[in-house]
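In what follows, a single structure is set out as C-alpha cells and then discussed.
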Amino acid sequence: MDAMSIFTAIIAREIPADIVFESDTIIAFRDIAPRAPIHLLVVPKTEEYANVVELAAGDPALLAEIVSVAKDLAREHADGEFRLIFNTGANAGQSVFHVHAHVLAGGLSEGSLGEE
Ligand code: AMP
C-alpha cells in the first residue's frame with residue numbers, strides 16, 4: 001500500500017497544520033515555508049490527482065472550486081488580489097504529488113514568475 005501524501009495526513013489530522021478553510025471536498029492551510037506575506041495551499045481532499053493537468057481532465061468542477069476558494073481566501077487574508085500557482089512536475093518545483101494550488105498574496109513585490 002502506498003504511504004499517504006503529507007496533505008492526506010493533514011486532512012486526517014495526523015500532522016498539524018494551520019487550517020484556514022475546510023469543506024467536504026477541499027482543505028486549505030498555511031504553507032509551512034511561506035514565500036509571500038500570505039502563502040496558502042488549497043488542496044482537494046481526494047488523492048486521486050497528482051497535478052493540475054490530471055485534475056482538469058478528471059474533475060474540472062473541482063478545479064473550478066479550488067479557484068473559487070482561492071479567490072475567497074485572498075479576499076479574507078489580503079486585498080483580494082493573488083497569484084495562483086500549480087507546480088507541475090519535479091523540474092517545475094513540485095514536491096508533493098497530490099494536486100494543490102499555491103495562493104500567494106499580501107503585496108508581491110517582485111514580478112518574476114520563477115524563483116531567483
Ligand atoms: P510543491 O513544491 O508545489 O509540491 O508544494 C509543496 C508545498 O508544501 C511547499 O511549498 C511546502 O513548503 C509545503 N509543505 C510541505 N509540508 C507541509 C506541511 N506539513 N504543512 C504545510 N505546508 C507544507
Side-chain angles (χ1 to χ4, degrees):
M1 204 174 86
D2 288 343
M4 68 171 71
S5 83
I6 192 157
F7 295 158
T8 296
I10 288 172
I11 293 160
R13 306 303 199 267
E14 292 190 3
I15 60 172
D18 187 351
I19 295 167
V20 295
F21 173 84
E22 186 165 22
S23 70
D24 288 348
T25 50
I26 289 175
I27 193 163
F29 45 89
R30 290 185 195 276
D31 196 294
I32 205 167
R35 281 127 161 145
I38 303 298
H39 185 171
L40 308 174
L41 299 175
V42 182
V43 184
K45 288 187 170 176
T46 176
E47 269 193 334
E48 193 177 341
Y49 308 106
N51 59 54
V52 70
V53 175
E54 291 184 9
L55 177 62
D59 193 344
L62 184 55
L63 175 56
E65 235 180 290
I66 288 172
V67 174
S68 175
V69 168
K71 175 203 70 175
D72 291 345
L73 289 172
R75 198 175 287 160
E76 193 181 320
H77 292 265
D79 61 2
E81 301 190 342
F82 61 101
R83 187 176 298 170
L84 194 61
I85 295 175
F86 291 90
N87 293 329
T88 305
N91 286 338
Q94 187 174 6
S95 60
V96 179
F97 293 86
H98 174 157
V99 62
H100 53 281
H102 295 257
V103 179
L104 304 177
L108 305 174
S109 49
E110 48 84 28
S112 125
L113 290 176
E115 286 182 84
E116 272 85 48

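Order of listing sets the numbers, starting from 1, for every ligand and every atom in it. Basis for what follows: all heavy atoms, side chains included, without hydrogens, waters or symmetry-related copies. Since the model is a prediction, treat every value here as computed from it, not as a measurement.
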Top protein contact for atom 1 (P) of ligand 1, by heavy-atom distance
H100 NE2, 3.2 Å

Compute the shortest N/O to N/O distance between R35 and ligand 1 and return yes if it is under 3.5 Å, no if not.
yes

Linked, directly or transitively: V96 and I32 (ILVMFWY side chains, under 4.5 Å):
no

Examine L41 and F21 and state if one hydrophobic cluster contains both, with Ile, Leu, Val, Met, Phe, Trp and Tyr joined whenever side-chain heavy atoms are less than 4.5 Å apart.
no

Classify the contact between R30 and ligand 1 as side chain, backbone, both or neither, using a heavy-atom distance cut-off of under 4.0 Å.
backbone

Just to check, does G93 reach to within less than 4.0 Å of ligand 1 when the distance is taken from its heavy atoms?
yes

Where on F29 is there a heavy atom closer than 4.0 Å to ligand 1, on the side chain, on the backbone, on both, or on neither?
side chain

Taking atom 11 (C) of ligand 1 as the point of reference, which of I6, N51, D31 owns the nearest heavy atom?
D31

Considering residues at least two apart in sequence or located in another chain, which fulfil the ring-ring contact (aromatic ring centres under 6.0 Å, His included) criterion with Y49?
none

Any residue meeting side chain to side chain donor-acceptor pair (under 3.5 Å) with D31, in chain and number order, not counting sequence neighbours:
H39

Between H100 and H98, ring centroids under 6.0 Å:
no

Contact region, I32 to ligand 1, non-hydrogen atoms below 4.0 Å, reads both

CA sep, side-chain torsions, deciding dist, call: E22, R13, salt bridge (charged side-chain N to carboxylate O under 4.0 Å, His left out)
CA-CA 12 Å; E22 186 165 22; R13 306 303 199 267; 2.7 Å; yes

For ligand 1, does S95 get within less than 4.0 Å through its side chain, its backbone, both, or neither, judged by non-hydrogen atoms?
both

So the atoms of ligand 1 within less than 4.0 Å of a heavy atom of A33 turn out to be 12 (O)

Do any nitrogen or oxygen atoms of L41 lie less than 3.5 angstrom from nitrogen or oxygen atoms of ligand 1?
no

Transitively linked via ILVMFWY side-chain contacts under 4.5 Å: V52 with I85?
no

Any non-hydrogen atom of F7 lying under 4.0 Å from ligand 1?
yes

